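Structure record follows, encoded as structure tokens.
All values derive from a computational prediction rather than experimental measurement.
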Amino acid sequence: MNEAARIYPSVGGAADIGDELHALVSRLFPIGRSITGEGVRRTLAILSDAIDLAVREVPTGTEIFDWTVPQEWTVRDAYVRAANGKVVVDLAASNLHLVGYSEPVARRMPLSELRSHIHTLPDQPDLIPYRTSYYSRSWGFCMAHHDYLALEEGDYDVFIDTTLADGALSYGEVFLPGETEREVLLTAHICHPSLANDNCSGLAVLALVARALGRRRNRFGYRFLFAPGTIGALCWLAGNEERLSSIDHGLVVSCVGDGGGPVYKRSRRGDATIDRAMEAVRCDGRKVTMLDFSPFGYDERQFCSPGFDLPVGLLQRSAFGTFTEYHTSADNLDFVRPEHLASSFRMIMDIVDVIETDRVPLNLSPKGEPQLGRRGLYSATGGHKTTSDITMAYLWVLNLADGSHSLLDIARRSGLPFSAIAAAATRLEGCGLLGDAQA
């Protein structure tokens, strides 16, 4: 049995889980999603193949704090056709071509008028940008800048077959009860259309993390939320205020299919356990780059708003806005790779292991350093110029296991991965040198 299968018995090996994750991303990628509508429901239905997902509906017009649930947007077709009959922009070719929440249009207009409704990226002329207009009535198209420059003067037929009507906002939720009443919240936004990294990757990774955790016993309860950005998170918060005090740890997950980073933005608190846990895990051997909290980003800014101030951080591989593919047609299935999805999955499972297994150990032989050699924990040959990480993990645990430091504290102080500290503590306990301070 390989290492991945040993640690995560609910899944196959690293290659297997990577391929499965990429296959799930590939199923999600073609769907035209927005903050409401059938695209979200289709996405939730696909995720339901992996996990027992409960779908919630919040009706149009519902007041949610300072927001109102908007009308539901339905898209059937959209294109721009030149006078010679050539279709120059076509929703069927890419659902990024239509600005999200565009109102219906059926008109002929000159290019001079059409230009004001077209969005391009002059610095990335081959790519289609992603644009939305959720809360103001408007319409528009997105196209590659070199195609835009090729448009000839003349009249164009503009057709957008959409509907804005009362309906509902949909989100999905699954809760896995634990041995205690304390909870961990893990969430990914579901509103972006064909953007593989942002955020088909987050949806796929969290779905399979939920499946894996559902097949084992956990100390904490785990709540997974798949909701449209901003308004979806706010809907969930408004409907669950009475249980928010049970959340001890939280993580927003996005952009976890590329090979960058990893990057973590701390919670508003800055020193929550989840913030400290991120410093003690590795992704393919790499430490996590830690960023301070800022009130701009994904839904961590809703969970961390001052009225809630939940211990929720943001985990990504490459931070949003920093990679050239971000919010463009280049964020496609070639950009996200099975091996990167697999390592992101393992990293989140490692974070879960930190949360689940952290404890306060007690050195049972605290007067001087115990003789590790006779217990098979130290090299029989002395005089080496360097000391192995394994030996250093033993020494750090023994030195700081005074009843006031947790394993996570020891990992942070030593600079060693939590997994190394936890493994050392387990072996020291087996040798009778370590106990549990809380026993």
Side-chain angles (χ1 to χ4, degrees), residues 1-14 17 178-179 184 209 212-213 215-220 249 262 264 273-288 342-366 369-382 384 386-439:
M1 180 179 292
N2 64 30
E3 184 67 8
R6 183 185 67 78
I7 298 174
Y8 312 123
S10 57
V11 300
I17 192 64
E179 297 174 348
V184 180
V209 167
L213 294 183
R215 294 173 176 175
R216 73 181 210 184
R217 292 178 61 185
N218 301 297
R219 181 160 61 101
F220 287 90
H249 319 283
Y264 174 77
T273 299
I274 188 68
D275 301 325
R276 295 184 287 116
M278 294 304 308
E279 297 181 38
V281 299
R282 303 290 185 268
C283 182
D284 292 336
R286 299 196 298 252
K287 290 185 177 182
V288 179
S343 60
S344 295
F345 170 89
R346 292 193 299 270
M347 178 171 54
I348 293 174
M349 293 296 290
D350 287 344
I351 295 164
V352 169
D353 284 344
V354 174
I355 293 169
E356 287 284 316
T357 62
D358 190 30
R359 59 191 177 90
V360 179
L362 184 65
N363 187 340
L364 301 181
S365 182
E369 184 179 291
Q371 188 176 2
L372 300 181
R374 68 182 175 87
R375 295 175 171 88
L377 303 179
Y378 201 80
S379 173
T381 304
H384 298 289
T386 60
T387 304
S388 72
D389 284 350
I390 296 173
T391 299
M392 288 306 302
Y394 293 141
L395 297 177
W396 273 110
V397 170
L398 288 169
N399 191 269
L400 293 182
D402 57 5
S404 63
H405 296 89
S406 69
L407 294 179
L408 181 53
D409 294 332
I410 298 171
R412 292 186 75 206
R413 179 83 174 268
S414 68
L416 295 170
F418 179 89
S419 57
I421 295 298
T426 298
R427 194 159 185 197
L428 289 167
E429 188 172 23
C431 293
L433 292 175
L434 205 67
D436 192 341
Q438 298 172 339

Q: Take Leu428 and Leu377 through the side-chain contact (heavy atoms from CB on, under 4.5 Å) test and state the conclusion after the steps.
A: CA-CA 9 Å; Leu428 289 167; Leu377 303 179; 3.7 Å; yes
Q: Search all heavy atoms of Ala420 against all heavy atoms of Ala393 and return the closest pair with its distance.
A: O-CB, 3.9 Å
(Q) Can you confirm whether Leu407 sits close enough to Pro361 that some side-chain heavy atom of one is under 4.5 Å from a side-chain heavy atom of the other? (A) yes
Q | Side-chain touch Ile274/Ile355, heavy atoms, less than 4.5 angstrom | A | yes
Q) Where is the tightest heavy-atom contact between Gly403 and Leu362, given as atom of each residue plus distance? A) N-CD1, 3.8 Å
Q.
Do Val184 and Asn218 have side chains that approach each other closer than 4.5 Å (heavy atoms only, starting at C-beta)?
A. no
Q: Identify the two heavy atoms, one from Ala411 and one from Ile421, that lie closest to each other, and give their separation to 0.1 Å.
A: CA-CG1, 3.8 Å
Q. So does Arg219 have more than 12 non-hydrogen atoms from other groups sitting under 6.0 Å from CZ?
A. yes
Q: Heavy atoms only: give me the nearest Glu356-Phe220 pair and the separation to one decimal.
A: OE2-N, 3.1 Å
Q: Answer yes or no: does atom CD1 of Ile390 have more than 12 heavy-atom neighbours from other residues, nucleotides or ligands under 6.0 Å?
A: no
Q: Determine the minimum heavy-atom distance between Val397 and Leu434, stating which atoms define it.
A: CG1-CD2, 3.8 Å
(Q) Is any side-chain heavy atom of Leu433 closer than 4.5 Å to one of Arg375? (A) yes
Q. With a 4.0 Å cut-off, would you call Asp358 and Arg412 a salt bridge?
A. no
Q. Do Thr357 and Phe418 touch side chain to side chain, with heavy atoms closer than 4.5 Å?
A. yes
Q. Roughly how far, to the nearest 0.5 Å, is CG of Asp389 from OG of Ser414?
A. 9.0 Å
Q.
I need the minimum non-hydrogen distance between Ser404 and Val360, along with the two atoms involved.
A. N-CG1, 4.1 Å
**Q.** Val209 side chain near Met349 side chain, heavy-atom distance below 4.5 Å
**A.** yes
Q.
Quick check: do Leu400 and Asp409 have side-chain heavy atoms less than 4.5 Å from each other?
A. no
Q | Inter-residue atom distance Leu364.CG - Asp436.CG, 0.5 Å rounding | A | 10.0 Å
Q: Look up atom CZ in Arg282 and atom CG in Leu416, then write down how far apart they are to the nearest 0.5 Å.
A: 8.0 Å
**Q.** Asp284 and Met347, any side-chain heavy atoms less than 4.5 Å apart
**A.** no
(Q) Checking Ser343 against Arg346: is there a side-chain donor and acceptor pair closer than 3.5 Å? (A) no
Q: Could you list all the side chain to side chain donor-acceptor pair (under 3.5 Å) pairs where at least one residue sits in residues 415-430, not counting sequence neighbours?
A: Arg359-Glu429, Tyr394-Arg427
